[in-house]
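Please read the structure below before turning to the comments.
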Amino acid sequence: MLQKRFFKTKDEVEVTFSLERENGAEVAVVCEENGWVPVPMSYSKKNQAYQARIRLPKGGEYQFRYLIDGQAWENDPAADAYRQNEYGGQNGVVITRE
């Protein structure tokens with residue numbers, strides 16, 4: 001699930017990436033905007049999901065995926081769109097336009 005917070009005075013959007021899973025895995029979000037470097041997600045007992053916040057430039061479209069235990073890739077079922085990737089799968093897309 002994606003939640004977006006737009007700032008009136010900044011040219012960026014705070015995106016909360018959220019993946020519902022049972023606790024116990026090591027989960028990270030990877031995004032093309034930061035060079036596909038994994039950003040660790042922390043588990044929220046309240047939401048029963050892994051979450052991470054990343055600020056992205058306004059007005060763009062950014063591909064992302066979740067990395068589970070450093071091995072398995074998963075897409076967000078609530079992504080704004082999907083794009084084919086070079087490995088025969090798809091990446092989720094987050095759109096940062098209002």
Side-chain angles (χ1 to χ4, degrees):
M1 181 171 77
L2 302 173
Q3 293 178 334
K4 301 172 197 171
R5 188 171 85 162
F6 291 85
F7 299 100
K8 292 181 181 181
T9 59
K10 295 182 182 178
D11 287 333
E12 59 187 14
V13 178
E14 183 180 80
V15 179
T16 301
F17 294 88
S18 182
L19 181 66
E20 292 182 10
R21 288 185 70 87
E22 290 185 23
N23 193 8
E26 185 177 304
V27 181
V29 60
V30 292
C31 181
E32 70 176 321
E33 176 60 20
N34 74 345
W36 298 104
V37 174
V39 175
M41 300 175 74
S42 53
Y43 188 75
S44 167
K45 288 182 183 180
K46 178 181 174 184
N47 299 326
Q48 295 184 346
Y50 286 88
Q51 296 181 320
R53 289 189 180 108
I54 299 175
R55 290 193 178 192
L56 299 171
K58 271 187 189 176
E61 296 184 10
Y62 307 97
Q63 295 183 52
F64 73 97
R65 289 190 94 180
Y66 299 114
L67 180 60
I68 315 300
D69 291 329
Q71 298 178 7
W73 294 99
E74 192 168 320
N75 278 329
D76 192 321
D80 295 330
Y82 299 93
R83 294 239 170 75
Q84 193 72 29
N85 66 33
E86 60 190 67
Y87 303 104
Q90 291 188 330
N91 294 335
V93 176
V94 57
I95 300 171
T96 59
R97 289 188 294 272
E98 290 187 84

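Residues M1 and A78 come closest through the heavy atom pair CA-CB, 3.9 Å. V39 and A52 make their closest contact through CG1-CB, 4.4 Å (heavy atoms, listed as atom of the first residue, atom of the second, distance). Minimum heavy-atom separation, Y62 to C31: CB-SG, 4.0 Å. A pairwise comparison of heavy atoms in N75 and Y66 identifies C-CD1, 4.2 Å as the closest pair.
Here CD of Q51 is found 7.0 Å from CZ of R53. Values are rounded to the nearest 0.5 Å. The structure places CG of N91 at 5.5 Å from CZ of R65, a figure rounded to the nearest 0.5 Å. In this structure, Y50 OH and S44 OG are separated by 11.0 Å, a value rounded to the nearest 0.5 Å. To the nearest 0.5 Å, atom OG1 of residue T16 and atom CD of residue E14 are 5.5 Å apart. Within the model, atoms CZ of R21 and CD of E74 stand 5.0 Å from one another, a figure rounded to the nearest 0.5 Å. In this structure, R97 CZ and F6 CZ are separated by 9.5 Å, a value rounded to the nearest 0.5 Å.
No continuous path of hydrophobic side-chain contacts links L67 to F17 [ILVMFWY only; heavy atoms under 4.5 Å].
Side-chain contact check for R5 versus E12: every heavy-atom pair is 4.5 Å or farther apart. In this structure, I68 and L19 have side chains that are in contact, with non-hydrogen atoms separated by less than 4.5 Å.
Surrounding CG of D69 are more than 12 heavy atoms belonging to other residues, nucleotides or ligands, all under 6.0 Å away. For E22, the CD atom counts as loosely surrounded, since its 6.0 Å shell holds 12 or fewer non-hydrogen atoms of other residues, nucleotides or ligands.
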* **E98/K4 under salt bridge (Lys or Arg N to Asp or Glu O under 4.0 Å): CA gap, chis, key distance, verdict** => CA-CA 10 Å; E98 290 187 84; K4 301 172 197 171; over 6 Å; no

